[in-house]
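Remarks on the structure that follows.
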Amino acid sequence: MRSEYQFSEIEKQWQAFWAEHQTFQAQVNPNKPKYYVLDMFPYPSGAGLHVGHPLGYIASDIMARYKRLQGHEVLHPMGFDSFGLPAEQYAIQTGQHPAITTEENITRYIQQLKNMGFSFDWSREVRTSDASYYQWTQWIFMQLFNSWYNQETDRAESIESLEGILAQKGSIGLKAVCDEEVARISAESWNAMNEEEKYAYLLNFRLAYLDDSVVNWCPGLGTVLANDEVKDGLSERGGFPVEQKKMRQWSMRITAYADRLLRGLEEVDWSDSLKEQQRNWIGKSVGAEVEFDIENITDKKIKVFTTRVDTIYGVSFMVLAPEHEWVDSLTTPEQKDAVEAYVTWAKSRSELDRMSEVKQVSGVFTGTYVLNPVNQARVPLFLADYVLAGYGTGAVMGVPSGDQRDWNFAKHFDLPIIPILDAQKDMDKQADATKEGKYINSGMIDGMGYKEATQTLIVWMENHGIGKGKIQYRMRNAVFSRQRYWGEPVPVYFKPNAKGDLLPYLIQESELPFELPKIDKYLPTETGEPPLGRASADWKYQGLYDYEWSTMPGWAGSSWYWYRYMDAQNKSEFASKEAIDYWQAVDLYIGGSEHATGHLLYSRFWNKFLKDLGYVKEEEFAKKLINQGMIQGRSNFVYRLKNSEKVTFVSHGLKNQYDVVALHVDVNIVENDVLDIEAFKRSRKDVPTDAEFILEQGKYVCGWEVEKMSKSKFNVVNPDDLIAKYGADTLRVYEMFLGPLEQFKPWNTNSISGSHNFLRKVWRLFFDETTQKCHLVDQTATADELRVLHTAIRKVQEDLDRYSFNTVVSTLMICVNELGQLKCHKKSILRELVIMLSPYAPHISEELWVALSEEPGTISYASFPVFNPALLVEDEFKYPISFNGKVRLTLPFSSTASPLEIEAGVLADAQVQKILDGVAPAKVIVVPKRIVNIVLAK
RNA sequence: GCCUGGGUGGUGGAACUGGUAGACACGCAGGACUUAAAAUCCUGUGAGCCGAAACGCUCGUAUGGGUUCGAUUCCCAUCCCAGGUACCA
């Protein structure tokens, strides 16, 4: 038995114990309630973990351990999202297979994670780049390919059910999510088709489908990117420019699920801001689609989408996006030059230009007029880049009285502004988007209110075949192809039909996993095809047909991984029914907010799809989600004299008296903002040994600033270093003590000693550091000791139940301080304390558990202490006595005293009498067990 | 601009449904122990004022107003910070 707190030995020993005894292996155990706590799995980058990464893992580990103590069967796994760009880029540079880099990085991550003492069930570890894992990613892709979305039943169904419907009724009245331009056919035409024609027709309905879509093409990375991988016109990774390009790509019909993705948000316990981000991303707009006739052109009509069909009598112009495909055919000869010039100019402008010039009005008249369907009013047709080709129909009706952008446009081109509601005012200065009042100048809806008018118009338009109510989403279908090597191969090959068109076919399920072929280089081919085009000539399906050369995007493997953890070794299913029935869904999911619209949306989509097919039980996969706040860096600075012969540094407090330049200094040689001058001299070649330091009070004090944590700013703090110095338990306690989990906060190692001291204080309750003796005793606990303990039990439990991890640490500190004051070394008390401490500081707790000579084994499955309210009953309560809300004194009263008795007692008190000074109070308010307030007349 | 959070000592933060603002910790100051240092322990620490001192007083949770016996907490307006989003018709 040790008598000093030797954390390194203790931690190594217990980590080995847990590994050897597989202490945290989870099982399907119907006798216990289950709890599934999941971290967003990391991409194993070459840089390893920094001190910010484990924050969420610590919190989830605390919950996992807490739930075990409460008798839950806990699933707490970890794995790696191991396909990705950095490994591939490293492979391009070095020629080394990305699997090797990935393996090395994962090994390092696992070591770092194990050093933190996390209670992961490592037997369930998954890696998205392992064939045994990605075969199921491929399998899910195949299910998506074999499914369509039936809007009648509002769920995905197998493609056979669609074939049945087509054979019976054709597709004329079919309510399915599909490509817009799909020809509607009768049952006869369907039945007359040959197999190949049928197959080609069905491609329009599959949830995974090929499409010539406008994609974000990033030449710098040589691949397409999803919308959420593009930030401000630049790629999120690497910051390369991104352009719009039409390419034949695999896509996923996530829009089929738009409404369910929206509705599902109501049943999950996620933060408001996250839900709001998803709502904005989905971007549901309820409105109408209306067709406008074109003057002198009969074969075309312009479709617009509007959320304010009620304002249609206020239309005074119409605008097309400059990229609209009819621009040429709708331009009159006189306007041809002007239009061409404008389109060229609009094309030349980058995303960034457009964003920075939002307020500037630009546009050009096409020479053509369109006719308003409700009153045949003739209005001019313009092009303008405030209309986006990618949203709605790429055409907008201009209502300057009700829309600010339309108003700006009308002012600029001197177009009429027609008031349409009697409640609108001040049309000279700005638009008025009100829906209040009655319509004027509005033909059939004159005198009506907003709701009635909208209804009336939609009904009228539907009857006359010129428009219909419509719901528009901002969200687009998700592009699923990436022109890269290091991703899941798409299990598809291409076979030509009679006409020679290549049609995609799935390989057999029995042929999974469909593994990545070996290639010589990880670059695109000379003809610009994806890297898989470099595979040897015999890499063909049945030796005949080319495989798909794109691979899946990063989000494929991460969109279902929580199910694999439930049954990670299963060779015949992605997870057994038994496992899914038991674990169901994630009870607590912790990860960064950067995944708000990417991972969390795609995952919800795939989960809903798997539920539609009956493979999983829950509509939403993560019931509760917490975004841990990012840990920012806290940089330190030294200040060097600018015009000095000798290299001289000035302490922070004196820098204003000199002309100085601030330089980053490695935070690891600064303690509490005081620079270790010798270490500084050693670490920097540009600092000579005779450099001078102008000190304040004998110290060199550094300045500080909050910045991103990065190598170049010398503010990266490595958890390994802190573990070596203070131990993993201290680091865990400290990271939680730093503040609320969800808050963004700068890392500051300064006060870690407080957490370390706390654990040493706990140690000293068990062992005397000077006599080296264990001073635990078996005596019965006093009422005071029990009161201290149970106050803590109540608060720790309450706070953990609301994920307030930082206040639990304070509570434990108070408890330990008070027990120390009481010189309590009683086993019955300390036993419960150690159990409460164990989720935060598991290693020291295991060690102390042994000292308590408890049952052999681990503390991990002990029982969390039960709060006993009877122990906290006090016979007296000290009432704060306030006058007009200001507390002046406290007076004790019996806990059973009635408000009237208390009031009498308070008024009889000498001090109160003195303050009252003979004046009778206007009112006395007694709140039992809280406060007494005496209201003095003014 | 819009959406979502947030603004409390020198610092990180606490205060659950309105009820003694600043718990806990860091830092700082002073003291004890020690030859000394480390470690540990004790005391003090929001600002200002009165006083020899105990005691006491005033102000104080971004700013201004409101509701209330009582507001860090609820309401209105303004300012600032962070995250998200953006000519979305």
Side-chain angles (χ1 to χ4, degrees), chain A residues 232 271-281 283-285 287 304-308 311 319 354-355 357-362 384-388 390-399 402-406 408-409 472-474 593-594 596-597 627 629-630 632 672-674 704 733-734 737-740 742-755 757-758 760-761 764 769-770 795 798-799 801-802 804 806-814 817 820 878-890 921-927 929-936:
Chain A
D232 300 336
S271 74
D272 289 339
S273 87
L274 186 57
K275 288 185 184 185
E276 204 52 32
Q277 278 180 57
Q278 293 219 342
R279 286 193 191 104
N280 289 340
W281 188 263
K284 181 179 182 173
S285 305
V304 299
F305 173 75
T306 174
T307 52
R308 291 293 303 274
T311 64
V319 191
R354 283 180 72 151
M355 275 189 279
E357 293 167 23
V358 159
K359 294 281 169 313
Q360 289 203 14
V361 178
S362 75
D385 66 354
Y386 81 88
V387 176
L388 307 174
Y391 182 75
T393 59
V396 166
M397 60 184 211
V399 185
D403 182 285
Q404 192 55 45
R405 285 157 314 169
D406 294 348
N408 294 343
F409 194 81
Q472 184 74 43
Y473 294 96
R474 194 185 81 103
S593 56
E594 66 273 20
T597 50
N627 286 130
M630 204 181 23
Q632 294 145 310
N672 289 326
D673 293 334
V674 176
W704 63 275
V733 168
Y734 182 60
F737 190 54
L738 223 42
E742 288 163 279
Q743 199 163 298
F744 279 61
K745 52 208 157 214
W747 178 263
N748 185 348
T749 310
N750 287 356
S751 48
I752 194 171
S753 59
S755 301
N757 284 343
F758 160 64
R760 293 185 50 203
K761 273 189 209 168
R764 286 201 303 271
E769 279 194 315
T770 45
K795 182 113 172 81
E798 272 175 11
D799 287 358
D801 288 341
R802 62 189 174 104
S804 176
N806 55 328
T807 53
V808 170
V809 179
S810 311
T811 305
L812 292 172
M813 284 174 170
I814 293 168
N817 288 346
K878 278 187 182 159
Y879 279 90
I881 311 299
S882 60
F883 292 78
N884 286 343
K886 293 223 180 298
V887 176
R888 306 295 274 273
L889 62 144
T890 56
K923 209 203 258 182
V924 177
I925 285 159
V926 177
V927 186
K929 296 266 179 88
R930 288 231 183 250
I931 203 165
V932 176
N933 192 17
I934 298 170
V935 186
L936 302 170

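Proteins come first, then strands; the chains are lettered A, B, ... in the order of their sequence lines, and each starts at number 1. Predicted, not measured: the structure shown is a model, and the values here were computed from it.
For the P atoms, the distance linking B/rU72 with B/rU20 amounts to 10 Å, nearest Å. The separation of B/rA77 from B/rG5, taken at their P atoms, amounts to 16 Å, rounded to a whole angstrom. Across B/rU73 and B/rG6, the matching P atoms stand 13 Å from one another, rounded to whole Å. Distance noted for atom C1' between B/rG13 and B/rU17: 22 Å (whole Å). B/rC79 and B/rA29 have their P atoms separated by 42 Å, given to the nearest Å. Annotation: B/rG10 and B/rU58 have their C1' atoms spaced 23 Å apart (nearest Å). Rounded to a whole angstrom, the distance from the P atom of B/rC74 to that of B/rC16 is 11 Å. Distance check on atom P: B/rC26 versus B/rG83 gives 31 Å, rounded to whole Å.
Protein atom CZ of A/R888 is 10 Å distant from nucleotide atom P of B/rG56, rounded to whole Å. In this structure, A/K745 atom NZ and B/rG5 atom P are separated by 19 Å, rounded to whole Å. In this entry the distance linking CZ of A/R474 with P of B/rU85 reads 8 Å, nearest Å. A/L274 places its CG atom 14 Å from the C1' atom of B/rU85, with the value rounded to the nearest Å. As rounded to whole Å, 14 Å separates atom C1' of B/rC2 from atom CD of A/Q404. Separating the OH atom of A/Y473 from the C1' atom of B/rA89 is a distance of 17 Å, rounded to the nearest angstrom. Atom P of nucleotide B/rU68 and atom NZ of A/K886 are separated by 18 Å, given to the nearest angstrom. Summarising the geometry, the separation between CG on A/D403 and P on B/rA89 is reported as 9 Å, rounded to the nearest angstrom.
Contact between A/V887 and A/P880 at its shortest, heavy atoms only, is CG1-CB, 4.0 Å. Residue A/T311 comes nearest to A/R308 through the heavy atom pair OG1-O, 2.7 Å, listed as atom of the first residue, atom of the second, then distance. The two atoms that bring A/Y386 and A/V319 nearest to each other are OH-CG2, 3.7 Å, heavy atoms only. The two residues A/P740 and A/N806 make their nearest non-hydrogen contact at N-ND2, 3.6 Å. Summarising the geometry of A/I934 relative to A/P921, their closest heavy-atom pair is CG2-CB, 3.5 Å, with the distance given to 0.1 Å. Here the closest heavy-atom approach between residue A/V304 and residue A/M397 is recorded as CG1-N, 3.9 Å.
Side chain of A/T306 to backbone of A/G287: no donor-acceptor contact under 3.5 angstrom is found. Between the side chain of A/K745 and the main chain of A/M630, no donor-acceptor pair closer than 3.5 Å is present. A side-chain donor-acceptor contact under 3.5 Å links A/N884 to the backbone of A/L936. Proximity of a side-chain donor or acceptor of A/S271 to a complementary backbone N or O of A/L274 within less than 3.5 Å is detected.
In RNA chain B, runs of at least 3 consecutive Watson-Crick or G-U pairs, each pair with both distances below 3.5 Å, span B:1-7 with B:79-85, B:10-12 with B:24-26, B:27-32 with B:40-45, B:46-49 with B:56-59, B:62-66 with B:74-78.
If you check every strand for non-hydrogen atoms under 4.0 Å, A/P740 touches sugar and phosphate atoms only. Nucleic acid contact class of A/D272 (heavy atoms, under 4.0 Å, all strands): sugar-phosphate only. Within 4.0 Å of A/V935, counting heavy atoms only, lie sugar-phosphate atoms of the nucleic acid but no base atom. Residue contacts for A/D406: at a heavy-atom cut-off of 4.0 Å it reaches no nucleic acid atom on any strand shown.
Closest to the side chain of A/R760, out of B/rU4, B/rG12, B/rA39, is B/rA39. Candidate nucleotides B/rC87, B/rG12, B/rG70 were compared by shortest atom distance to the side chain of A/N933, and B/rG70 ranks first.
Residue whose closest nucleotide on RNA chain B sits further toward the 5' end, between A/A395 and A/I925: A/I925. Between A/G739 and A/E276, the residue whose closest nucleotide on RNA chain B is further toward the 5' end is A/E276.
The closest side-chain donor-acceptor pair between A/T807 and A/S810, if any, does not fall under 3.5 angstrom.
OP1 and OP2 of B/rA39 both lie 4.0 Å or more from every side-chain N or O belonging to A/R764. For A/Y391, a side-chain nitrogen or oxygen approaches OP1 or OP2 of B/rA89 to under 4.0 Å. For A/S271, no side-chain nitrogen or oxygen approaches OP1 or OP2 of B/rU4 to under 4.0 Å. Note on A/R279: every side-chain N or O is 4.0 Å or more away from OP1 and OP2 of B/rU85. At the phosphate of B/rG13, OP1 or OP2 sits under 4.0 Å from a side-chain N or O atom of A/Q743. Applying the 4.0 Å criterion to OP1 and OP2 of B/rC88, one finds that A/R405 has a side-chain N or O inside that range.
Base orientation of B/rG9: syn (glycosidic angle within 90° of 0).
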* Asked: Quick one: what's the B/S/- string for nucleotides 20-32 of chain B, heavy-atom cutoff under 4.0 Å, read 5' to 3'?
  -> B--BBSSSS----
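The six-membered or imidazole ring of A/Y734 lies near that of A/W747, with a centre-to-centre distance under 6.0 Å.
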